[in-house]
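Since the structure comes first, as structure tokens, the remarks are kept for the end.
Counting begins at 1 with the first residue of the sequence. As a basis for the values below, the full set of heavy atoms in this structure was taken, side chains included, without hydrogen atoms, waters or symmetry mates.
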Amino acid sequence: MLLLASSSPSLSLSLSLPSVSHLHYPLPSSFPCPSLHLRFPSQATPLRLHTPPPLSCSLNSSSSVEQSSSLSQMQNSLLYSRAYWVTEFLIAWNVDVANEFSCQLIASKNASLTIANGQIQGEDLKVELQEDRAGLSANVLEKFPHIRGYKAFKLPSTLDVKPLLKSQLAVAIYDSDDKCRNCTGLQLPGVLDELFSYNGPLGALFSEEAVSLYLWAPTAQAVRAYIYKDPSGDDPIEIVCLEEENGVWRTKGPKSWEHCYYVYEVCVYHHSTLRVEKCHANDPYARGVSSDGRRTFLLNLDSDELKPDGWDDLADEKPTIHCFTDISVYEMHIRDFSATDLSVQPAFRGGYLAFTLQDSAGVLHLKRLSSAGITHVHLLPTFQFAGVDDQKENWRFVDTSIMESFPPDSDQQQALITAIQNFDGYNWGYNPVLWGVPKGSYASNPNGPYRTIEFRKMVKALNHIGLRVVLDVVYNHLQGSGPFDQHSVLDKIVPGYYLRRNRDGFIENSTCINNTASEHFMVERLILDDLVHWALNYKIDGFRFDLMGHIMKRTMVQAKTALHCLTKEKDGVDGSSIYIYGEGWDFGEVAKNGRGINASQFNLPGTQIGSFNDRIRDAILGGSPFGDPLQQGFVTGLLLQPNDHDHGTEENAKSMLAASMDHIQIGMAANLQDFVLTNCKGEEVKGSEILTYDGTPVAYASCPTETINYVSAHDNETLFDIVSLKTPVDISVTERCRINHLATSIVALSQGIPFFHCGDEILRSKSLDRDSYNSGDWFNRLDFTYNSNNWGVGLPPQEKNEKNWPLIKPRLANPSFKPQKIDILATVDNFLNLLRIRYSSPLFRLKTANAIQQRVSFHNTGPSWVCGVIVMSIEDGHDGFPGLSQLDPIYSFIVVVINASPKEASFVSPALQSRSLQLHPIQVSSSDEVVKCSRYEASSGCFVVPQRTTAVFVEPRKT
């Protein structure tokens, strides 16, 4: 239930909406958004109003009952915005108008419109509209595809439109007796884009003599800036009235404003309250903010005082990336990294500065990953987000000694964590407030310039240990909306513009809350400006886009272009080395290009923008994160070691396994649309012709950098946890550890870009929590001393996990499920070896689709396949010989054999006979005694690989 509350006691509106229980829930295209629970001020008194059905204005009323119903609906009509002002002189509305009726635009500058006795009162202006029988133009429908079929109404070409847009607006239809038969408010983004699109300065600009402020607010009636000396308390030292020029409000102040704070007071009509409100908001282009988040800090990012030593030279010191296919990504949450690391001094734990230490357990672990091959650290949201108070003195804690006293399957731990979860220092951060400000809770002091200085120190430190930095950006939604929410910013400044609205005028919530509308010019501009800001001012090396499918493809392409235009000579940044990728799920109102061509998986080929490959994840593990948690996949025992889940007949399970292997093989070939594979039926098909269970093509990429292969991420269970759920309960923990490694090996040795969740390599557990976004440090703990993987720390929080508690409880209670330090150490070593193998040959990182098609082959295909075995070869050429060019100076041929079976497997291939293949030297010298038993017989072309093992065979070049 959503409550829209007005400052007027006479108006509140309750609307039923689909629910979600937290603010980050990425979904594949075939799943709807989960449920939404929003809390609003308790003093608002709700009046339940049902959505009135569309009124047909070509009919006459036939009874007093109908007239009464119509009048009741009319009273509510101004609460809706069902008409669209799409261009300067054109309005679209889904309504029929009889010949004897008229359509009018109505305006009231002080928002006095009311409806009584079939009359609209309080207007300043009425303008008659004429229906345009030609309908809406192609340009309008391209921008607003969801209003196809709406009628077009023309405004007089002599009308001065700009001043009207500051008023309360409605369109109404009157009958021949001048009675209002239908009316509604208007959505304005179309006309605002046409008349007020702007490319000039925004935010605070600093010069040697002055500080200038610029705010885009074309519908505002007045704007004032309150200047404060301190982050809180006290009266303003100055109140400045800004002047407007074509929708942009500006003022120039003295240089002494620098290091002060300010708040905008925007006098503007707000459609959600039907009133002209005085909204107090931060600057959308804020670069700093006070500890309570209520005041924007005037921060000159070019000041030398804010730069760590050598900051301006960092671009020359960054780790080298020759090609995007050389990237491998390690995803991490800033607080997780060090919050419980006792080798980090308490003041640094959970924050930016923990990354600047040289010998903490976490930093030493990162150095090992970097030296083995990880190139990029992906940080979960680091911008200013809601859900964690930046003032640490307000945080609440749980006594961990009490928690440790409870049994591993107790519900007491989660009860204590849940009781404080909205008051502690933990949240993933997918609830954005200000995109361009570093999060204050990660800084030693959230006031002043500290968050900027420390963020820069973090980036520099990571670069110096060989790791580039990726930011997780959340441009698809905002935490706040309306004129009163303390987290609302954009919707206070230009109400109804920045947030995407449905056909009734209410905010779309398919991303979970307050969807943004990148199809609007100034929303797109804000996103582009923000990306360039992070690249220039924080020297960020990549961006991961949360729910990227809710952003328009045009925005993503322009983002890539804007970033790649940055140069070291001009900007101090090599923009061509910045990689962008995201979640290309296609759902909600944007599905099937419902709001324009969106950045979904199938719309991105040719852009070289990466998107997550959920197909390979689901085929490897089984099912999906939204299905039965016991459904098995390739590595978790499907057909080969069944659990208690009903997978149908043996023949059905065999068919499922064969399909999963097809999906994995296409994924290992970078999920290329045109890669040709012999499928499980013996047919030669392209990747785009292999279909998922719902008929969606498996492959969507046109080049390898468009595919992010992964098996786990921050969402859903960790890799070790999901393996522990899906595998039979009676197998050993050693076997589960091998399965964990087997899954990561597929990702590590695939073409495309591998992505690993922090902790995949140390058997990380969250005690089977499927959604730990707000589960505190307790369930999200990392131990880089390798003593514990955090398994069995209590039943995971009830809200997201209770329905699975019957499955979870016996597993947590069973001590045989818990890995020991020796298991964790072995997994770390095996993971590092996988990375070393990937970077031992450029053949694992082919740069083009053609190279993959020409060089990569799969051998255990067709109907006569060996169950649970994938065999991939990668061929290189020889200098001086026709055919393939030579890429690898060391190896001329590589074969990867993945055996997911619980038993040793052999595979014979005549095509692979008589080669000089030997086990990769890294595996020969590894601590894994099992993989060393892998062997190849040249005479027969037979490979023998132990159970649950990935073996890599190489053919050294002859010297």
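Of the candidates Asp715, Asp618, Asp771, Pro625 forms a side chain to side chain contact (heavy atoms under 4.5 Å, CB included) with just one, namely Asp618. Just one residue in the list Leu547, Asn476, Ile708 forms a side chain to side chain contact (heavy atoms under 4.5 Å, CB included) with Glu583, and that residue is Leu547. Only one option out of Thr727, Ile739, Ile664, Ile898 pairs with Val635 in a side chain to side chain contact (heavy atoms under 4.5 Å, CB included); it is Ile739. The side chain to side chain contact (heavy atoms under 4.5 Å, CB included) test with His378 singles out one residue from Arg544, Met332, His757, Arg468, and that residue is Arg544. Each of Thr718, Asp721, Asn789 was checked for a side chain to side chain donor-acceptor pair (under 3.5 Å) with Ser765, and the lone residue meeting it is Asp721.
Considering only heavy atoms from C-beta on, Ser767 comes within 4.5 Å of Leu812 through its side chain. Counting only heavy atoms from C-beta outward, the side chains of Arg451 and Pro446 approach each other to under 4.5 Å. Residues Ile746 and Phe634 form a side-chain contact, since some pair of their non-hydrogen atoms from C-beta on lies under 4.5 Å apart. Residues Leu768 and Asn801 form no side-chain contact, since every pair of their non-hydrogen atoms from C-beta on lies 4.5 Å or further apart. Side-chain atoms of Pro796 and Ser775, non-hydrogen and from C-beta on, never get closer than 4.5 Å to each other. Considering only heavy atoms from C-beta on, Val388 comes within 4.5 Å of Lys439 through its side chain. Considering only heavy atoms from C-beta on, Leu807 comes within 4.5 Å of Pro629 through its side chain. The shortest distance between side-chain heavy atoms of Asp614 and Tyr710 falls below 4.5 Å.
In this structure, Thr340 OG1 and Phe784 CZ are separated by 9.0 Å, a value rounded to the nearest 0.5 Å. One distance of note links CZ of Phe720 with CZ of Phe817; it measures 8.5 Å at 0.5 Å rounding. Here the straight-line distance linking atom CZ of Arg948 with atom CG of Asn740 works out to 12.5 Å at 0.5 Å rounding. Note that CG of Leu835 is 8.5 Å distant from OG1 of Thr744, once rounded to the nearest 0.5 Å. With values rounded to the nearest 0.5 angstrom, Phe545 atom CZ is found 12.0 Å from Phe612 atom CZ. Here the OG atom belonging to Ser370 is positioned 11.5 Å from the NE2 atom belonging to His376, to the nearest 0.5 angstrom.
Gly868 and Leu657 make their closest contact through N-CD2, 4.1 Å (heavy atoms, listed as atom of the first residue, atom of the second, distance). Summarising the geometry of Thr827 relative to Asp760, their closest heavy-atom pair is CG2-O, 4.3 Å, with the distance given to 0.1 Å. Across every non-hydrogen atom of Gln345 and Leu357, the tightest pair is OE1-CD2, 3.7 Å. The two residues Ile620 and Ala743 make their nearest non-hydrogen contact at CG2-CB, 4.0 Å. Here the shortest heavy-atom pairing between Tyr426 and Asn774 reads O-OD1, 3.2 Å.
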Walk me through whether Asn780 and Ser772 qualify under side chain to side chain donor-acceptor pair (under 3.5 Å). CA-CA 7 Å; Asn780 287 286; Ser772 67; 2.6 Å; yes
How far apart are the C-alpha atoms of Leu719 and Val723, what are their side-chain angles, what is the distance that settles it, and do they pass the side-chain contact (heavy atoms from CB on, under 4.5 Å) test? CA-CA 6 Å; Leu719 177 57; Val723 166; 4.1 Å; yes
Candidate pair Thr949 and Arg738, rule side chain to side chain donor-acceptor pair (under 3.5 Å), full reasoning: CA-CA 7 Å; Thr949 295; Arg738 290 202 71 80; 2.8 Å; yes
Which is it for Ile334 and Phe355 under the side-chain contact (heavy atoms from CB on, under 4.5 Å) test, yes or no, and what are the steps along the way? CA-CA 9 Å; Ile334 284 180; Phe355 293 91; 4.2 Å; yes
Worked verdict on Asp694 versus Thr692 for side chain to side chain donor-acceptor pair (under 3.5 Å): CA-CA 5 Å; Asp694 64 353; Thr692 64; 2.5 Å; yes
side-chain contact (heavy atoms from CB on, under 4.5 Å) between Tyr786 and Ile762, intermediate numbers included: CA-CA 7 Å; Tyr786 315 134; Ile762 56 175; 3.8 Å; yes
Determine whether Phe831 and Phe756 satisfy the following criterion, side-chain contact (heavy atoms from CB on, under 4.5 Å), listing intermediate values before the conclusion. CA-CA 11 Å; Phe831 182 80; Phe756 305 100; 3.6 Å; yes
Under the side chain to side chain donor-acceptor pair (under 3.5 Å) rule, what do Glu331 and His714 come out as? Steps first, then yes or no, please. CA-CA 8 Å; Glu331 180 198 43; His714 64 275; 2.5 Å; yes
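Counting heavy atoms of neighbouring residues, nucleotides and ligands inside a 6.0 Å radius, atom NZ of Lys903 does not exceed 12 of them. For Asp399, the CG atom sits in a packed shell: over 12 heavy atoms of surrounding residues, nucleotides or ligands are nearer than 6.0 Å. Residue Asn787 qualifies as enclosed at atom CG: its count of foreign heavy atoms under 6.0 Å is above 12. Enclosure of atom CD1 in Ile822 is not indicated, since only 12 or fewer non-hydrogen atoms of other residues, nucleotides or ligands lie within 6.0 angstrom. Within a 6.0 Å radius of NZ in Lys367, other residues, nucleotides and ligands contribute more than 12 heavy atoms.
Asp336 places no side-chain N or O within 3.5 Å of a backbone atom of His333 that could act as its donor or acceptor partner. The closest donor-acceptor contact from the side chain of Thr707 to the backbone of Gly752 lies at 3.5 Å or more, if one exists at all. Between the side chain of Gln641 and the backbone N or O of Leu639, no donor-acceptor pair lies under 3.5 Å. Lys800 places no side-chain N or O within 3.5 Å of a backbone atom of Asp769 that could act as its donor or acceptor partner. Lys766 places no side-chain N or O within donor-acceptor distance of the main-chain N or O of Phe779, the cut-off being under 3.5 Å. Side chain of Glu761 to backbone of Gly759: a donor-acceptor contact under 3.5 angstrom is found. Looking only at distances, a side-chain donor or acceptor of Lys392 sits under 3.5 Å from a matching main-chain atom of Ser441. A donor-acceptor contact shorter than 3.5 Å links the side chain of His477 to the backbone of Tyr430. Side chain of Thr400 to backbone of Met403: no donor-acceptor contact under 3.5 angstrom is found. Panel note: side chain Asp424, backbone Arg396; no donor-acceptor pair is recorded below 3.5 Å.
For Ser926 and Asp928, the side-chain atoms include no donor-acceptor pair closer than 3.5 Å. A donor atom on one side chain and an acceptor atom on the other are not found under 3.5 Å apart for Ser360 and Ser343. Using modelled atom types and a 3.5 Å distance limit, the side chains of Arg811 and Asn814 yield no donor-acceptor pair.
Using cut-offs of 30° and 60° on the angle between ring planes, the pair Tyr330 and His365 is tilted.
No salt bridge links Arg349 with Asp341; every basic N to acidic carboxylate O contact stays at or beyond 4.0 Å.
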